[in-house]
Amino acid sequence: MRSNTKTIAPAVPFLAPVHILILSVIVIPSLYVVWLSLNSSTFGQSATFVGFDNYIRTLTDPAFLHALGNTVLIVVFAVHLELAIGLGMALLFASGLPFRRILLVAVLAPYAVSEVIAVAMWRFLFDPDVGPVTVALASLGLPALDWSFEPSHALVMIGLLTIWLHLPFTFIILYAARLAIPKDLYEAARIDGATPYAAFRHVTMPLLGPAIVVALLFRYIFAFRIFSEVWLMTQGGPARSTEVVAVYLYQEAFRFNAFGTAAATAWIMVVASLILAAGYVFLLRKQVVGNAH
């Protein structure tokens with residue numbers, strides 16, 4: 001034990017800055033938010049301990065429940081459609097698509113675009129009066145997305161925008177996983193008389209399973225915390241009808257100065273993300289163990 005202590009002691013000065021950074025950036029602020037969530041606090045008023053009253057008030061607030069419903073709707077719509085598109089693109093690129101390198105740059109380009117610039121671009125493209133996409137839809141006799149007044153249209157717009165912004169992330173994970181599948185497996189399946197669909201079902205999908213779970217895990221967590229797209233596009237309007245949980249938290253903290261309920265909302269988001277992550281990690285571990293056997 002003494003020899004181990006002597007071995008570790010010289011490394012302590014090098015490890016201390018890392019621990020100090022973690023404590024100052026993650027641990028202490030997290031503990032402060034926990035304390036804040038248990039108190040009623042606002043500007044010009046000392047904090048008053050209220051226990052779990054902030055959590056109860058948040059979970060029973062119709063505005064929070066509506067924001068939660070919008071968040072779930074966007075997550076379910078955006079993440080699954082994004083996964084389907086990303087999987088199709090990954091399979092298409094892996095099949096030997098012509099001009100693959102040039103197209104790969106084009107596919108990854110949205111990830112290099114700032115969210116502010118992306119929202120400004122989409123607001124112009126889908127402008128209800130003079131937007132190029134609106135004009136094109138009108139010329140085809142199709143209804144325009146009146147996202148500035150119609151909440152359902154605004155949610156569709158936000159869902160499409162978040163898909164466009166984050167599709168490269170999902171695509172690159174699935175594309176890398178597809179390229180990692182040995183070609184020998186497809187040759188063996190073809191020799192056995194398997195059709196392309198059978199090879200996809202029995203070779204591609206089982207081996208892409210862990211990558212799909214990882215992509216879904218990260219995208220669910222990221223999409224559940226969606227803020228920039230909603231705030232820059234509609235600011236939760238009209239009449240808070242397009243709010244998501246992160247926008248609700250922002251409104252509580254910086255517009256209504258209700259720091260206690262805002263902190264409670266933050267921890268509700270953390271717990272929900274951890275539960276979601278735990279479920280997907282369990283599925284991933286199960287798939288990895290299954291493939292190992």
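Atom set for the values below is all heavy atoms of this structure, side chains included, hydrogens, waters and symmetry mates excluded.
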Any sub-3.5 Å donor-acceptor pair from Asn54's side-chain atoms to Ser37's backbone N or O?
yes
Would you name the heavy atoms of Arg219 and Val79 that are closest together and state the gap between them?
O-CG2, 3.8 Å
Minimum heavy-atom separation for Leu87 to Met205, with atom names?
CD2-SD, 4.2 Å
Does the side chain of Val245 reach to within under 4.5 Å of the side chain of Leu249, using non-hydrogen atoms?
no
What is the distance from atom OG1 of Thr234 to atom CD1 of Ile158, rounded to the nearest 0.5 Å?
4.5 Å
Verdict with supporting geometry, Phe77 and Leu155, side chain to side chain contact (heavy atoms under 4.5 Å, CB included):
CA-CA 10 Å; Phe77 166 73; Leu155 291 175; over 6 Å; no
Can you name the closest pair of heavy atoms from Val203 and Ala189 and give their distance?
CG2-CB, 4.4 Å
Is there a chain of hydrophobic side chains (I, L, V, M, F, W, Y, each step under 4.5 Å between heavy atoms) that links Leu179 to Leu97?
yes
Given Met233 and Met157, is the side chain to side chain contact (heavy atoms under 4.5 Å, CB included) satisfied, shown in steps?
CA-CA 9 Å; Met233 184 71 70; Met157 181 84 163; 4.1 Å; yes
Angle class for the Tyr250/Phe227 ring planes (parallel below 30°, perpendicular above 60°, tilted otherwise)?
tilted
Run the side chain to side chain contact (heavy atoms under 4.5 Å, CB included) test on Ile85 and Thr170 for me, step by step, so that the C-alpha distance in whole Å, both residues' side-chain angles and the decisive distance to 0.1 Å come before the verdict.
CA-CA 9 Å; Ile85 296 174; Thr170 303; over 6 Å; no
To check you understand the geometry: which heavy-atom pair defines the closest contact between Pro110 and Leu165, and what is its length?
O-CD2, 4.1 Å
Value rounded to 0.5 Å, distance of OG1 in Thr71 from OH in Tyr248:
12.0 Å
Determine whether Trp147 and Leu142 fall in the same hydrophobic cluster, where Ile, Leu, Val, Met, Phe, Trp and Tyr are linked whenever their side-chain heavy atoms lie under 4.5 Å apart.
yes
Gap separating the CD1 atom of Ile172 from the CG atom of Leu108, nearest 0.5 angstrom
5.0 Å
Determine, stepwise, if the pair Val119 / Ser228 fulfils side chain to side chain contact (heavy atoms under 4.5 Å, CB included).
CA-CA 9 Å; Val119 171; Ser228 301; over 6 Å; no
Would you call the rings of Trp122 and Phe126 parallel, tilted or perpendicular, taking 30° and 60° as the class edges?
parallel
Can you name the closest pair of heavy atoms from Asn39 and Ala47 and give their distance?
CB-CB, 4.0 Å
I'd like to check Ser273 versus Tyr220 (side-chain heavy atoms, cut-off strictly below 4.5 Å). Are they in contact?
no
Is the number of heavy atoms from other residues, nucleotides or ligands under 6.0 Å of Tyr111 OH greater than 12?
yes
Hydrophobic cluster identity match, Val107 and Leu167, side-chain contacts under 4.5 Å:
yes
Can you say whether the rings of Tyr175 and Phe171 are parallel (under 30°), tilted (30 to 60°) or perpendicular (over 60°)?
parallel
Within-4.5 Å side-chain heavy-atom neighbours: Leu92 and Ser95
yes
Just wondering, are more than 12 heavy atoms of other shown residues or ligands nearer than 6.0 Å to CZ in Phe93?
yes
Side-chain (His66) to main-chain (Pro62) donor-acceptor, under 3.5 angstrom
no
Rounded to the nearest 0.5 angstrom, the CD-CD1 distance for Glu229 and Ile74 is 8.5 Å
Are side-chain heavy atoms of Val130 and Val135 found at a separation under 4.5 Å?
no
For atom CZ of Phe99, decide whether the heavy atoms of other residues, nucleotides or ligands shown that lie under 6.0 angstrom number more than 12.
no
Given side chains that start at C-beta, do those of Leu31 and Trp35 come closer than 4.5 Å, heavy atoms only?
no
Side-chain heavy-atom pair Leu208, Ile181 within 4.5 angstrom cut-off
yes
Kindly give the heavy-atom pair with the smallest separation between Thr242 and Ala154, and that separation in Å.
CG2-CB, 3.7 Å
Could you grab the distance from atom CG of Asp61 to atom CD1 of Ile56, nearest 0.5 Å is fine?
13.5 Å
Are any non-hydrogen side-chain atoms of Glu243 and Gln251 less than 4.5 angstrom apart?
yes
With hydrophobic residues grouped by side-chain heavy-atom distances under 4.5 Å, do Val116 and Met121 end up in a single group?
yes
Are Val50 and Trp267 co-members of a hydrophobic cluster defined by side-chain heavy atoms under 4.5 Å apart?
no
So for atom CZ, which belongs to Phe256, do other residues, nucleotides or ligands contribute more than 12 heavy atoms lying within a distance under 6.0 Å?
yes
Donor-acceptor pair, side chain of Thr42 and main chain of Asn257, under 3.5 angstrom
yes
d(Leu217 CG, Ile212 CD1) to nearest 0.5 Å is 13.5 Å
Could you tell me if the side chain of Arg57 sits less than 4.5 Å from the side chain of Phe64, heavy atoms only?
no
By side-chain hydrogen bond (donor to acceptor under 3.5 Å, both in side chains) - contacts of Ser152 (at least two apart)
Glu150
Would the distance check show the side chain of Asn70 and the main-chain N or O of Ser241 forming a donor-acceptor pair, the cut-off being under 3.5 Å?
yes
